[in-house]
Amino acid sequence: MFKAFLIKYAEIGVKGKNRYLFEDALVNQIKYALKKCDGTFQVRKTQGRIYVDALSEFDFDETVEHLKRVFGISGICPVVYVEDEGFEKLCEDVISYIDKVYPDKNKTFKVQSRRARKNYPKDSMTINMDLGEAILNAYPEMHVDVHEPDIMLNIEVREKIYIYSETIPGPGGMPVGTGGKAMLLLSGGIDSPVAGYMIAKRGVKLDAVYFNAPPYTSERAKQKVIDLAKIVSRYTGPIYLHIINFTDIQLYIYEKCPHEELTIIMRRYMMRIAERIAQETECLGLVTGESIGQVASQTMHSLVATNEVCELPVYRPLIGFDKLDIVDVSEKIGTYETSILPYEDCCTIFVAKHPVTKPSLKVIRRHEENLAEKIDEMVEEAIRTDELIIVSES
Ligand code: ATP
Ligand code: MG
């Protein structure tokens, strides 16, 4: 019965010029999200509203599921539209709409009409009153409540007449593409995909970098990261994923530095390399899945050490989250099942038995000097051999 969706958006700098940027980005993201759905759709922007029209048969639930992934949408209203064949016919259509959508008639309602087509014979006040009366006649159990109705029945008179009353909540946030771009350090764990999701929800486009350590990490571990990026890309649009071969750098650090500082020094090199790629690809910040105190390399002291090597802002949206809260989000967005697959990652293989939890910056810097002979060349080589994969859901 539904042939279209009215898309509501709330938040925003939808003021002045920004409004167009916001709406255009939203339209683009909606088109991207619908590509994977059965059916053909048209997404249109008219008079400050966005409509998704179905041009063919479509699967209602699947379509709503995909629209719920588009940041910037605050509500999704399924719309019925009918031809304008006179007011009598409109009353019949509305009465039958109510019957289908609300089997239980014990409800209050209010009619709220908009006459976008000014040559319609009744003005909106009259439509409200006359339709209200027709509904009361058809369903005596229903009552009008103009302040807090159970059902807000919207009628929009355009070329056709649109009827809608239900709003399915959207994810909120801002459309991806309105907020610049950031580089996500994406590992195979639970946290970083969630961190990427949260930053993207604020309108930020994502690129990603994964530090791979073959043959210590397997092809399957790399595939897992690609799969995670694919799930995140349902929400963000295509992700440019950089795979960096980190093996030589890790082995070199292992050889030259105290083992309890391995993780910190390794993380510093990840941040340095991620920042280099970020700068070459116009990313305005780095994103990690760190959260205070979760592991030795994420104490406040350790974060000072990892943070020191970057100039770009490092966004850590999970910083104050408990693991359980992060798991909740990862289940909700669909990354959890993939994240818990047991393939090793480079951090777990080279991990020390007793990593420092309060690294001293001075000491770390001094030990990094042990790497002076070859490290710059190794970093250059890692960046030169960057493997770029464009990950997309559609
Ligand atoms: P995650 O669940 O995201 O793997 P974690 O709890 O395992 O995080 P760490 O291994 O300490 O934490 O990593 C902290 C952050 O550093 C990760 O959230 C991620 O952003 C980044 N990171 C760690 N390892 C890698 C890697 N191999 N490639 C890219 N980024 C990484
Ligand atoms: Mg990890």
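Counting starts at 1 for both ligands and their atoms, in listed order.
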**Item:** Leu185 N/O under 3.5 Å from ligand 1 N/O
**Value:** yes

**Complete:** Going by the 4.0 angstrom heavy-atom rule, the piece of Ser192 near ligand 1 is both

**Request:** Could you tell me whether Met270 and ligand 1 have an N or O pair separated by under 3.5 Å?
**Result:** no

**Asked** Nearest to atom 1 (P) of ligand 1 by heavy atom, Gly188, Ala195, Ser187: which?
**Response** Ser187

**Message:** Applying a heavy-atom cut-off of 4.0 Å, say which part of Val209 lies close to ligand 1: side chain, backbone, both or neither.
**Reply:** backbone

**Fill in**
Joining Ile, Leu, Val, Met, Phe, Trp and Tyr whenever any side-chain heavy atoms lie under 4.5 Å apart, the cluster holding Leu388 also takes in Tyr240, Ile390

**Request:** Have a look at ligand 1 and work out which part of Leu186, if any, has a heavy atom under 4.0 Å from it: side chain, backbone, both or neither.
**Result:** backbone

**Request:** Mark up the atoms of ligand 1 that fall under 4.0 Å of a heavy atom belonging to Gly189, in ascending order.
**Result:** 1 (P), 2 (O), 4 (O)

**Message:** Are any of the N/O atoms on Tyr210, whether in the backbone or the side chain, positioned under 3.5 angstrom from an N/O atom of ligand 1?
**Reply:** no

**Item:** Check: His259 ring centroid to Tyr254 ring centroid under 6.0 Å
**Value:** yes

**Heteroatom distance test (Ile190, ligand 1): nitrogen or oxygen, under 3.5 angstrom** = yes

**Request:** Check whether the ring centres of Phe5 and Tyr164 lie less than 6.0 Å apart, and answer yes or no.
**Result:** no

**Request:** Would you mind finding which of His242, Glu290, Met271, Gln298 brings a heavy atom closest to atom 13 (O) of ligand 1?
**Result:** Gln298

